[in-house]
Amino acid sequence: MSTTTDTSTSMTDARQDPGPETAPPSILGPGTLLGERPAMRIGDRWVTTEETRDVENPATGAVLTAVPEATQEHVDEVLAAAAAAQKEWARRTLGERAEVIGAVIREVDRHAEELARIVVAEQGKTIVEARGEIGGVKAFFDHAFAQRYRQVGEVVAAAGRQEQLLVREEPHGVVVAIIPWNFPAAIFARKVGPALMAGNAIVLKPSEVTPLAPLALARVCELAGVPAGLVNVVTGVGRTVGKALVEHPTTAMVTVTGSTRAGREILAQTAEKIIPVSLELGGKAPFIVFPDADVELAARLAVEARLWNCGQVCTCNERTYVHRDVHDAFVARVTELMREVHVGDPLDEASQMGPKVSGPEWEKVKGFVDRAVEQGAEVALGGGRPEGDEYASGHWFAPTVLTGVRNDMEIVQNEVFGPVLPVVPFDSYDEVVEYANSTVYGLTAYVFTQDVRTAMRATDDLEFGEVYVNKIGPEEVQGFHTGWKMSGLGGDDGQHGYERYVRRKTVYLGYGD
Ligand code: NAD
């Protein structure tokens, strides 16, 4: 956790916010952040379009509202507005920028419950998780704020007398951020915070599925007094609007969180212009339970790390490897724990898991499970839609445990992103390290053992950017959430993440006669 307890670093941890005592705020209508009709934020304008895209409530399948569909003209306009605003912003001191970011944090606080409800409405995570996500929004801005006293360059020994050789940090200019649907609020802050603090303007394109929280946060920035043009949000399809933003001549840096497929396409789009790209992509976290592990702890945390946000977190436990000595006890306990999970209305404070985000995502997960069964896996629990009238509409998927799974099965090799826990037995250290390293992903890995030598050997041998030993995430803002292999290039968090948002200028200064 971060240095203070009231700004949780977590995207999913809700402990700091008990929720409101008064009537819950609405998410649409007069006086709300989104107003009656959600609009894009372009410079100092709120823009609607004739052509719109529906936004669905995943818990019911009902249409909530519709958002604009940006055109090439909007892309040109937004990037021009951002470029104009950035020039003045870059001249401000870090202290001046931090004052603005501090105002954003206070404004997020003022609207925290409304923001959490927007996240629930469009994304489907539980209200408890959504409040944790808004805690994460504040924590990401808090980390950006904390850069006000950073060291902004170096003085290197110059070759000549009466000379100085300075290596300075400078902003890139206009940053384009492309974000996914699983944390529409937290990932907004994860990118806007460091981009702004470093002196950039930002144009953010949310996921087609969850545009509302980013639009609401753009309004929060306006209310906080962020100068117009610095934080812009345009909505539309990745391969059209996203691509147009990325390829535009004004765009000086691109930061993406999304699937490996999208990351690869965007990397190719930027090659022509040779601009920096930060990619936080998919994951396939192995969760390794060695024979000397605390099985109860491992089982509880395996379930928790699998079911966060209905299994839709890049750090989720995607494949559980259990030593054969403890396999049966572990499977029995995990199945029992998964059975007890209360799946239900995400606005109900008692619910522990909500629905999948969309119909296509539900179908994708179901397809993985069905094909695993065809390949010989056994369903120990769940397997599809839970039984009961309350789950008849919306995208509900039951907590699912699969046994008899082999490492070469598709469900172990590809990112599932759903509440499905496949268990693969192993016999030796070398075998499980080979299994864990066998996918194209390298984001997060979990290791459970009481032997420090095994823990450290595994940490050395695992080809992942992030290793948790005897604990699970979420990751902390001051760390560095970075994927290896096809999980990405870069990351936004901590000092290393901040450095993605600056470029360097070397100054040779002579002051001799
Ligand atoms: P996605 O790749 O389908 O979409 C992400 C964003 O990219 C969307 O805004 C989309 O419109 C845009 N996009 C897609 N193709 C594009 C293109 N060719 N050009 C420009 N923009 C394009 O991902 P998703 O389904 O929204 O999110 C889930 C994925 O995100 C999972 O793979 C998950 O692991 C990953 N994720 C990674 C992290 C991380 O920190 N590594 C965090 C959260 C989510």
Side-chain angles (χ1 to χ4, degrees), residues 11-12 53 58 67 69-70 75 122-123 125 133 136 140 176-191 203-211 213-214 233-248 251 254-271 277-285 308-318 356-358 360-362 364-365 414-418 439-444 464-466 473-475 477 479-494 497 500:
M11 290 200 277
T12 53
R53 171 179 300 275
V67 294
E69 195 73 23
V75 168
E122 65 179 345
Q123 203 272 316
K125 62 168 59 84
E133 180 169 350
F140 286 125
V176 162
I178 307 276
I179 71 168
W181 47 257
N182 62 341
F183 289 96
I187 296 177
F188 174 102
R190 194 177 217 168
K191 298 195 183 295
V203 178
L204 183 138
K205 195 204 78 65
S207 161
E208 296 85 321
V209 185
T210 55
V233 177
V234 291
T235 46
V237 175
R239 283 183 169 151
T240 54
V241 179
K243 181 172 187 287
L245 287 168
V246 167
E247 291 182 342
H248 198 282
T251 302
V254 178
T255 172
V256 181
T257 301
S259 63
T260 295
R261 176 201 59 74
R264 189 190 286 118
E265 288 176 12
I266 293 169
L267 193 59
Q269 288 160 20
T270 55
V277 189
S278 181
L279 303 174
E280 296 202 51
L281 307 177
K284 187 73 191 168
W308 288 321
N309 195 11
C310 195
Q312 304 167 128
V313 185
C314 55
T315 55
C316 269
N317 161 23
E318 280 266 330
K356 281 281 301 168
V357 73
S358 68
E361 271 291 315
W362 190 97
K364 186 195 78 182
V365 175
N414 294 333
E415 188 180 43
V416 174
F417 234 51
T439 74
V440 296
Y441 297 102
L443 185 57
T444 303
F464 292 79
E466 196 170 71
E475 64 272 17
V477 295
F480 187 43
H481 178 60
T482 186
W484 288 14
K485 294 157 70 177
M486 283 168 75
S487 291
L489 288 174
D492 294 309
D493 301 348
R500 309 290 303 198

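Computation of the quantities below employed the complete heavy-atom set of this structure, encompassing side-chain atoms and omitting hydrogens, waters and symmetry-equivalent molecules. If you read the sequence from its start, that first residue is 1, and numbering goes on from there. Both ligands and their constituent atoms are indexed starting at 1 by order of listing.
Judged by distance alone, the side chain of Ser278 and the main-chain N or O of Gly491 form a donor-acceptor pair under 3.5 Å. Looking at Thr210, its side chain never comes within 3.5 Å of a backbone N or O of Glu122 through a donor-acceptor pair. Although no hydrogens or angles enter the test, the distance criterion places no donor-acceptor pair under 3.5 Å between the side chain of Thr235 and the main chain of Glu69. Counting only distance, with no hydrogens or angles, the side chain of Glu133 and the backbone of Ala186 share a donor-acceptor pair below 3.5 Å.
Using a 4.0 Å cut-off between charged nitrogen and carboxylate oxygen, Lys243 and Glu265 do not count as a salt-bridge pair. The residues Arg500 and Glu280 are annotated as not salt-bridged, no charged nitrogen and carboxylate oxygen being separated by less than 4.0 angstrom.
Every atom of ligand 1 is numbered from 1 in the order shown, and the set under 4.0 Å from a heavy atom of Leu443 is 41 (N). Within ligand 1, the atoms closer than 4.0 Å to a non-hydrogen atom of Asn182 are 43 (C), 44 (C), numbered from 1 in the order shown. Atoms of ligand 1 lying under 4.0 Å from any heavy atom of Thr257, numbered from 1 in the order shown and given with element: 5 (C), 36 (N), 37 (C), 38 (C), 39 (C), 42 (C), 43 (C), 44 (C). The contact set between ligand 1 and Ile178, taken as ligand atoms under 4.0 Å from a residue heavy atom, comprises 6 (C), 7 (O), 9 (O), 12 (C), 21 (N). Within ligand 1, the atoms closer than 4.0 Å to a non-hydrogen atom of Arg239 are 18 (N), numbered from 1 in the order shown. Near Glu208, meaning under 4.0 Å from one of its heavy atoms, ligand 1 places the atoms 8 (C), 10 (C), 11 (O). Annotation for ligand 1: atoms under 4.0 Å from non-hydrogen atoms of Ala262 are 2 (O), 14 (C), 15 (N).
Here the shortest heavy-atom distance to atom 18 (N) of ligand 1, taken over Arg261, Glu475, Glu265, belongs to Glu265. Closest heavy-atom approach to atom 2 (O) of ligand 1 within the set Ser259, Gly242, Gly283, Gly258: this belongs to Ser259. With distances taken over non-hydrogen atoms, the option nearest atom 33 (C) of ligand 1 out of Phe183, Trp181, Phe417 is Phe417.
Here the options are Met486, Lys485, Glu318, the test is side-chain contact (heavy atoms from CB on, under 4.5 Å), and the partner is Lys284; only Glu318 passes.
For a threshold of 3.5 Å applied to N or O pairs, the pair formed by Leu281 and ligand 1 contains at least one separation below that value. Residue Glu280 places at least one N or O, backbone or side chain, under 3.5 Å from an N or O of ligand 1. Considering backbone and side-chain atoms alike, His481 places an N or O below 3.5 Å from some N or O of ligand 1. Between Gly238 and ligand 1, a contact under 3.5 Å exists for at least one N or O pair. Annotation: Ser487 places no N or O atom under 3.5 Å from an N or O atom of ligand 1; distance criterion only. Ligand 1 has no nitrogen or oxygen under 3.5 angstrom from a nitrogen or oxygen of Thr260.
Heavy atoms of Pro206 approach ligand 1 to within less than 4.0 angstrom. The shortest heavy-atom distance from Gly483 to ligand 1 is not under 4.0 Å. Put simply, part of Ile266 is less than 4.0 Å from ligand 1, judged by heavy atoms. In this structure, Ser207 has a heavy atom closer than 4.0 Å to ligand 1. For Gln269, the heavy-atom gap to ligand 1 drops under 4.0 angstrom.
Inter-residue side-chain proximity for Val246 and Val277 is flagged as unmet; no heavy-atom pair is nearer than 4.5 Å. Looking only at side-chain heavy atoms (C-beta outward), Arg53 and Val237 come within less than 4.5 Å of each other.
Remark: Phe417 engages Trp181 in a ring-ring contact (aromatic ring centres under 6.0 Å, His included) (not counting sequence neighbours). In this view, Thr444 and Glu466 satisfy the side chain to side chain donor-acceptor pair (under 3.5 Å) rule, not counting sequence neighbours.
A cation-pi arrangement is present between Lys125 and Phe183, with the terminal nitrogen or guanidinium carbon under 6.0 Å from the aromatic centre and inside a 45° cone about the axis.
The proximity of Ile179 to ligand 1, defined as any non-hydrogen pair under 4.0 Å, is limited to the backbone.
Side-chain contact check for Thr255 and Lys191: at least one donor-acceptor pair (N or O, by modelled atom type) lies under 3.5 Å.
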